[in-house]
Amino acid sequence: MTTKDIPTVYDPHAVEEKWYQYWLDNGCFTPEIDPEKQPYTIVIPPPNVTGALHMGHALDNTIQDVLIRYHRMKGNPTLWLPGTDHAGIATQARVEAELAKEGLSRWDLGREKFLEKVWEWKHQYGGRIITQLQRLGASCDFTRERFTMDEGCSHAVREVFVSLYERGLIYRGSYIVNWCPQCHTAISDIEVEHEDTTGHLWYVRYPLADEENGYVTVATTRPETILGDTAVAVNPHDERYKDLVGKEVILPLVGRRMPIIADYYVDPTFGTGAVKITPSHDPNDFEIGQRHDLKQVTVIGLDGRMTEGAGKFAGLDRYECRRQLVNKLQEGGYLEKIEDLDHAVGHCSRCNTVIEPLLSKQWFVKMKPLAEPALQVVKEGGIRFVPERFTKIYCQWLENIRDWCISRQLWWGHRIPVWYCKDCGKEIASRDDISSCPKCGSSHIEQDPDVLDTWFSSALWPFSTLGWPEETADLKYFYPTSVLVTGRDIIFFWVARMIFMALAFMDDVPFKDVFIHGLVLDAEGRKMSKSLGNGIDPLEVIEKYGADTLRFMLITGSVPGYDLRFNWERVEATRNFANKVWNVSRLALLNLEGFDPSQVNPSDLEFTLADRWIRSRFSSVRNRVVELISDYDLGGAGTALYEFIWDEFCDWYVELAKLRLYGDDEKARQTAQYVMWEVLERTLRLLHPFMPFITEEIWQHLPHEGESIMNAPYPKEIGERDEKAEKEFALIQEVVRGIRNARAEMDVPPTRRARVIIQAKPETAAVLKQSSMYIVSLAWANEVVTGLITAEKPPQAVSFITNGVEVYLPLADLVDMDKETARVKKEIAAMEAEVKRSERMLANKGFLAKAPAEVVQKEREKEVGYRDKLARLKERLTRLQGNH
RNA sequence: GCGCACUUAGCUCAGCGGGAGAGCACCUCCUUGACGCGGAGGGAGCCAGAGGUUCGAUCCCUCUAGUGCGCACCA
């Protein structure tokens, strides 16, 4: 493609595919280990293998890619390690759904066959999300891609499990767990979502045993659990029931005698102050049962149906049982009343089924000893949360943590490495598979059928992916990682667990910073979800607008830690920006033919005010961007670039450079070419981490050094900041804006060139005189006459006055003198208000005494300026009125 | 119930101790040799309410109201 053929509208499609393939083919994403340099490492939060890329992924991975590309250009050996998560429940459910279409269940296939199916499925679809990440431009090192169930990660899981077992931190026991009857497995506490629901509170009379007519009324939200009751409890201080403690009641419909016990757990102010106790189906009742040595009667089974323990209700669904039971209670005269009650009901976070707490034998991780150091390291600053407020959320969770239920009644996952000897009863946790009992030698052994919680393997991700437990070169060099980038919804699930596992096994933090971002919401501010159907597919946005646009829109729309709303207007605005970058580059390319920067010695060039200004502005924007990125304010950095490119480079610098680019002065032309190239090429490098594709495409067409912009060095400043140039140029901008404004208010069309008479103080006049061609060009003048402020004022003219400068546009025929008078009057009023405000401040003794000297000084200067401007305006008014 | 956020222009959101900002939308003008996915100009806000700290508060503190989100075993 020659520069002449560059289309006027940027088309991302071909460009993105081409450069991504180029980067892959050239191994651009794979770092070289250099012991002399400081590595920069991120391990990806592994997406679910079965998943498809959603907006949350798009944001999370764009942030990571910006950080990664930035540090890579900065010269750090940079590793972004990608991979996927086996997502036990989700993946298994997916494959089971496939089987169900053929009328089969996993039990029909058997464990081994079923697992083969899942692997098959994984091989077929597991790569999809990785491909989708590539569409986004993610510069992950795919040669190091990992999967939580690959050999290395599985090895790490085994090592950690057995090691924790040996340290006494993993145990097996019968406790109340959160059981999902739909997923048919136990889940951990954080996988339960509590939803506020209006339910009922049933008041049921339990007749006293051995007494005529006496009864105790209990209140329950789950009548079906009555069948499993083994006691009634009251508070020991509750006077109402004092005499009943120690007596017995008869369980309605069942006839079981059970004790009335006293326990401080009972809140006398709730319900009737008497609580039915079901040790097999409620965690608190379970504990009370332990304290009082109560019987456990299981009445609800793993399928959510009533068990044999439920007697004549056996086999009924739990809710059907509830209905029938309540009827029976009513018939028997046991039901006292029913009240509405708002309470929180636990639902499975995966399938939204109501969780059934039930007694079950499961594996647990003892949390207290692991949580302690994890709290410590964060409190001591070993790990920093950004934004800082998430530290508190993290700490509160760990401080109140309960043991972690890690066994899952699934087939897809890391199988628990524990064997039971059927002969001697020995329980063996082993790093390697075993075929005989080490105690009695029996080969009659059986491995635990359950698998581990997926998060167990995810918790090891930062080091298992780098080769642990082997002491690999990668692990040595890239660990600990630099930052973890993730959404705020996953702090407990993942962040906390990685931290305590790393401390327990690496004796070091897994990452130094945790950067938390918000969620991507829909335009109405709702969470995007499948059930609402309000999700927007990132790939659709990429198709329509390009990956750079999606990335930049997400980045500039996000503030660390806060949610952002997705709306198409912002996508379009960002697309327009991409197009702006494209077109200003197009202009540059059209004017750089035959230009070779290597043939130019900058010290031979004569830089104009505009040149010095834009170079200085570049430097300060460059420094600002670096500062913002190091604070993780990527949105701020993106916005700074947006404004610099559009407002300063395009709207001011390039417009002025055209004067020389299209002029006859060869030297001046070369200088303009040089500066335009210099600033554009460097700005593209600043922009590259945010918009990798378009910047690469343009950069390749511009004169440049190196193979790819992604490996080009991060730009340095262009010399020192030139405050004089910035100040002088600001004056030009003010004058130009003033002229444009005055013309617009007088409805003078741009085609109507006007004479501009500028009167100023000697120094200022000199600057303006030298830059008069800027005013000619930007303010549609045909002639600029610059004189001293003492000179005679033109009569019939539009005017404006700014600090020490008076500008007149003598447009006799176009000027409506009444309008002009009104304008001046309005300005006078405004200026009088300013003077008053300034005076008031400066008359305030407290202000003079306590405000910083420079603030006071600034205010004094302002006052002088205002007074001067006011005087001139009044003079102008007098003359206008005199002329009438 | 406890905790954490948020409330700024019509909309989406920045700013956060010294005179209110952006994008979109709106109004006026412009076929200027990169771009109409553009250019120039403009209107628009008691910065939720009430107190307090301060010379000075949109910004810090307290309370109130509304919204959102976490956490929580009240049967």
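In what follows, chains carry the letters A, B, and so on, assigned in the order in which the sequence lines appear, proteins first and then strands, with residues in each chain numbered from 1.
C29(B) is paired with G39(B) under the criterion used here, namely a Watson-Crick or G-U wobble arrangement in which both key atom distances are under 3.5 Å. When both distances must be under 3.5 Å, the Watson-Crick or G-U wobble mate of A50(B) is U62(B). Across the strands present, G1(B) finds its partner in C71(B); the criterion is a Watson-Crick or G-U wobble pair with both atom distances under 3.5 angstrom. Base pairing annotation: G17(B) forms no Watson-Crick or G-U wobble pair, as no partner gives both donor-acceptor distances under 3.5 Å. The base-pairing partner of A34(B), taking Watson-Crick or G-U wobble contacts with both distances under 3.5 Å, does not exist among the strands shown. Nucleotide G23(B): paired with C11(B) (Watson-Crick or G-U wobble, both distances less than 3.5 Å).
The aromatic rings of H200(A) and W202(A) sit perpendicular, their planes meeting at an angle over 60°, well past the 30° parallel limit.
With C1' as the reference atom, C11(B) and G1(B) are 36 Å apart, rounded to whole Å. Rounded to whole Å, the C1' atom of U62(B) lies 24 Å from the corresponding atom of G18(B). With both ends at atom C1', the span from U8(B) to U67(B) equals 16 Å, rounded to whole Å. Only the C1' atoms considered, C29(B) is 44 Å distant from G68(B), to the nearest whole Å. Nucleotides G41(B) and G23(B), compared at atom P, are 12 Å apart to the nearest Å. Using P as the reference atom, A22(B) and A9(B) are 13 Å apart when rounded to the nearest Å. A75(B) and G15(B) are spaced 50 Å apart, taking the C1' atom of each and rounding to whole Å. Remark: the separation of the C1' atoms in A14(B) and C71(B) is 30 Å, to the nearest Å.
Within the 4.0 angstrom heavy-atom criterion, base atoms lie near A219(A). Among the protein residues, D267(A) comes within range of the nucleic acid bases, having at least one heavy atom under 4.0 Å from a base atom. Nucleic acid contact class of Y203(A) (heavy atoms, under 4.0 Å, all strands): none. Residue contacts shown for W780(A) are limited to sugar-phosphate atoms, with no base heavy atom under 4.0 Å away. Using a 4.0 Å heavy-atom criterion, one finds that E655(A) contacts the bases of the nucleic acid, with or without backbone contacts as well. Across all strands, Y662(A) comes closer than 4.0 Å to base atoms (heavy-atom distances). K858(A) comes within 4.0 angstrom of no nucleic acid atom, judged by non-hydrogen atoms across all strands.
Minimum atom distance to the side chain of D651(A) is reached by A40(B), of the listed C24(B), C74(B), A40(B). Of all nucleotides listed (G23(B), A34(B), G18(B)), G18(B) comes nearest to the side chain of A851(A). Closest to the N583(A) side chain, of the nucleotides A34(B), C55(B), A75(B), is A34(B). In this structure, the nucleotide among C55(B), A75(B), G70(B) sitting nearest to the side chain of T220(A) is A75(B). Set against A75(B), G18(B), A34(B), the side chain of H343(A) has A75(B) as its closest nucleotide. Minimum atom distance to the side chain of F492(A) is reached by G70(B), of the listed C24(B), G70(B), C73(B). Here A14(B) is the nucleotide among A14(B), A75(B), C73(B) with the atom lying nearest to any side-chain atom of V559(A).
No hydrogens or angles considered: nothing links the side chains of H343(A) and D196(A) as a donor-acceptor pair under 3.5 Å. With no hydrogens or angles considered, no side-chain donor-acceptor pair links Y265(A) and N235(A) at under 3.5 Å. Judged by distance alone, the side chains of K276(A) and T225(A) do bring a donor and an acceptor atom under 3.5 Å apart.
Note on Y562(A): a side-chain N or O is less than 4.0 Å away from OP1 or OP2 of C6(B). Contact check, R565(A) against U12(B): a side-chain N or O comes under 4.0 Å of OP1 or OP2. Residue N741(A) has a polar side-chain atom (N or O) positioned under 4.0 Å from OP1 or OP2 of G42(B). Checking the phosphate oxygens (OP1, OP2) of G23(B), no side-chain nitrogen or oxygen of R570(A) falls inside 4.0 Å. Residue K580(A) places at least one side-chain N or O under 4.0 Å from the OP1 or OP2 atom of G39(B). A close approach under 4.0 Å does occur between a side-chain nitrogen or oxygen of W646(A) and OP1 or OP2 of G39(B).
A donor and an acceptor atom never sit less than 3.5 Å apart when one is taken from the side chain of K392(A) and the other from the base of A5(B). On a pure distance criterion of 3.5 Å, no polar donor-acceptor pair joins the side chain of Q396(A) and the base of A72(B). Side-chain atoms of R575(A) come within donor-acceptor range of the base of C37(B), with a qualifying N/O pair under 3.5 Å.
Residue D747(A) is the one, among D747(A) and V736(A), whose nearest nucleotide of RNA chain B lies closer to the 5' end (criterion: closest heavy atom). Residue order along RNA chain B, read from the 5' end via each residue's closest nucleotide, puts K862(A) first among C650(A) and K862(A).
Within a 6.0 Å sphere centred on CG of N782(A), other residues, nucleotides and ligands contribute more than 12 heavy atoms.
Exactly one of K862(A), E859(A), E863(A) qualifies for a side-chain hydrogen bond (donor to acceptor under 3.5 Å, both in side chains) with S838(A). That residue is E859(A).
For the pair R389(A) and Y394(A), the cation-pi criterion (under 6.0 Å, within 45° of the ring axis) is not fulfilled. A cation-pi contact, defined as under 6.0 Å to the ring centre and within 45° of the axis, links R740(A) to W652(A).
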